[in-house]
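Shown next, in structure tokens, is the structure this report addresses.
Below, all heavy atoms of this structure are taken into account, side chains as well, without hydrogens, waters or symmetry copies.
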Amino acid sequence: MAARNEDLEPETGRDLCLVRRDGERRGYRKDILTDNLSERDTVFICVRCQGIMREVCTSTDGEQFCSSCKEENEQTHPNLKMDKMILSFKCSCPLIARGCKWLGALGGCEEHLDTCGYVLETCKLRCGVVLQRDELKVHEKEKCPQRIVECKHCRRELKSCELATHLEMCPKMEVSCELKCGKRLCRENMAQHLKQECGLVVETCRLGCGVEMTRDELKIHVTETCVHRFIPCEHCKKDFKFCDMTHHLDKCPKMEVSCELKCGVVMCREDVTQHVEQDCVEKEIECPFVKYKCEAISIQRKHLSQHLEEKRTEHLELKLTAMELKLNAMEDTVFKQCEGSNEIKQHIDESKQYRDESKQHRDESKQHVEESKQHRDESKQHVDESKQHVDESKQYRDESKQDMGEINQHRRYMDN
């Protein structure tokens with residue numbers, strides 16, 4: 001087991017020599033010899049330290065002892081022969097109690113101890129642990145908290161005791177998303193992931209509706225439920241916000257609507273005005289003969305044909321009356337300008353004669369019209385006669401126009 005400095009000194013139990021309290025080394029220990037010393041072998045025992053002599057020296061009086069046991073200023077000389085004999089003694093490793101099986105000459109024990117795996121040493125990495133040399137190699141390589149290790153994520157070298165703290169911050173270490181979206185990525189990419197990718201980040205709707213929800217929910221929200229999303233109008237195909245679509249449909253020019261006068265026709269809103277003005281049968285319009293003083297100032301377009309059919313003769317009379325008034329005015333003007341001309345007077349008289357005849361035919365036509373109204377359902381003959389008189393009236397009108405042409409021709413002649 002590992003021993004701390006305060007419990008056991010690294011060199012304790014491994015020294016070949018007897019060691020004084022002050023740390024001074026003396027003779028070799030007798031307990032490490034594999035053979036017991038006989039009485040004749042007591043000559044190898046230092047008389048001063050009682051250990052086997054180490055570096056034997058002989059005093060001037062013949063006493064033999066360890067060189068480390070001689071007194072200060074004492075005269076001695078080395079005994080190399082005896083040293084050689086002592087160093088050839090068979091011995092075991094001083095650490096045999098710890099399990100070392102080494103056996104050899106006493107002279108080779110020092111060299112053995114330099115490599116013996118049972119020697120206690122302090123960790124060179126300064127963690128403070130004291131272990132046998134063999135265990136210390138494994139400790140320094142695999143267990144020491146002060147050993148240098150490499151982070152498998154970022155390849156940075158650091159102390160083993162700092163690795164746990166480093167892994168909590170290592171930018172290259174693969175970690176799970178902080179919001180538990182299920183994705184694993186390098187810690188250094190976490191900020192970018194949360195900013196751009198993670199579907200569980202809560203954001204405000206970018207369309208401006210103010211809703212806050214996760215990024216994944218927003219993808220559905222902005223395309224399906226947001227009131228500010230743009231959708232195409234099914235009529236004009238233009239894009240409008242969902243919240244504005246109802247207002248747009250109230251004005252969309254391409255939306256089909258029914259005629260505002262309830263005629264039953266369906267059309268685009270942009271065509272309603274033209275329809276009402278030109279085609280709608282419910283539109284109130286005036287008879288085209290109003291300018292000739294027809295009283296039908298307001299009549300629905302669907303009844304106009306019937307009105308024109310029923311009032312055909314009256315319309316013709318109104319038109320003829322208007323033409324007569326205009327003709328009279330022209331005659332008066334011409335008469336004033338050409339007064340005294342017998343030829344012009346003759347034409348004027350002829351024109352008046354035609355006008356009177358036209359009036360007579362008009363009265364006759366009016367009479368026939370009244371008769372036609374009375375007998376329309378009973379006889380078609382009166383209708384035909386009425387049409388004949390109308391045609392005659394047209395003929396007389398044409399003749400009147402011809403007379404007016406002649407009058408104008410005479411007027412130009414007089415002017416020249």
Other residues, nucleotides and ligands only: do more than 12 of their heavy atoms fall within 6.0 Å of [atom1] on [X]?
| X | atom1 | result |
| --- | --- | --- |
| Arg206 | CZ | no |
| Glu234 | CD | no |
| Ile297 | CD1 | no |
| Glu295 | CD | no |
| Gln278 | CD | yes |
| Lys90 | NZ | no |
| Gln75 | CD | no |
| Phe240 | CZ | yes |

### Query
What's the shortest heavy-atom distance between Cys263 and Val281, and which atoms?
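Minimum heavy-atom contact is CB-CG2, 4.1 Å.
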
### Task
Given salt bridge (Lys or Arg N to Asp or Glu O under 4.0 Å), test Glu140 with Arg147 step by step and report yes or no.
CA-CA 6 Å; Glu140 292 176 347; Arg147 74 187 187 278; over 6 Å; no

Any carboxylate oxygen within less than 4.0 angstrom of a Lys/Arg side-chain nitrogen, looking at [X] and [Y]?
| X | Y | answer |
| --- | --- | --- |
| Glu197 | Lys183 | yes |
| Lys262 | Glu282 | no |
| Glu314 | Lys311 | yes |
| Glu63 | Arg48 | yes |

#### Entry: Side-chain donor-acceptor pair present, Thr165, Glu168, cut-off under 3.5 Å
no

### Query
Run the salt bridge (Lys or Arg N to Asp or Glu O under 4.0 Å) check on Glu309 and Arg312 step by step: do they pass?
CA-CA 5 Å; Glu309 182 66 26; Arg312 178 183 294 179; 2.9 Å; yes

### Task
Report the relative orientation of the aromatic rings in Phe289 and His315; use parallel for angles under 30°, tilted for 30 to 60°, perpendicular for over 60°.
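Answer is parallel, since the angle falls under 30°.
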
### Query
Are Phe230 and Phe242 close enough that their ring centres sit under 6.0 Å apart?
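Between Phe242 and Phe230, which both carry aromatic rings, the centre distance is not below 6.0 Å.
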
### Query
Does Arg98 make a cation-pi contact with Tyr118 (under 6.0 Å, within 45 degrees of the axis)?
no

### Message
Counting C-beta onward and ignoring hydrogens, is there a side-chain heavy-atom pair between Thr76 and Phe65 closer than 4.5 Å?
### Response
yes

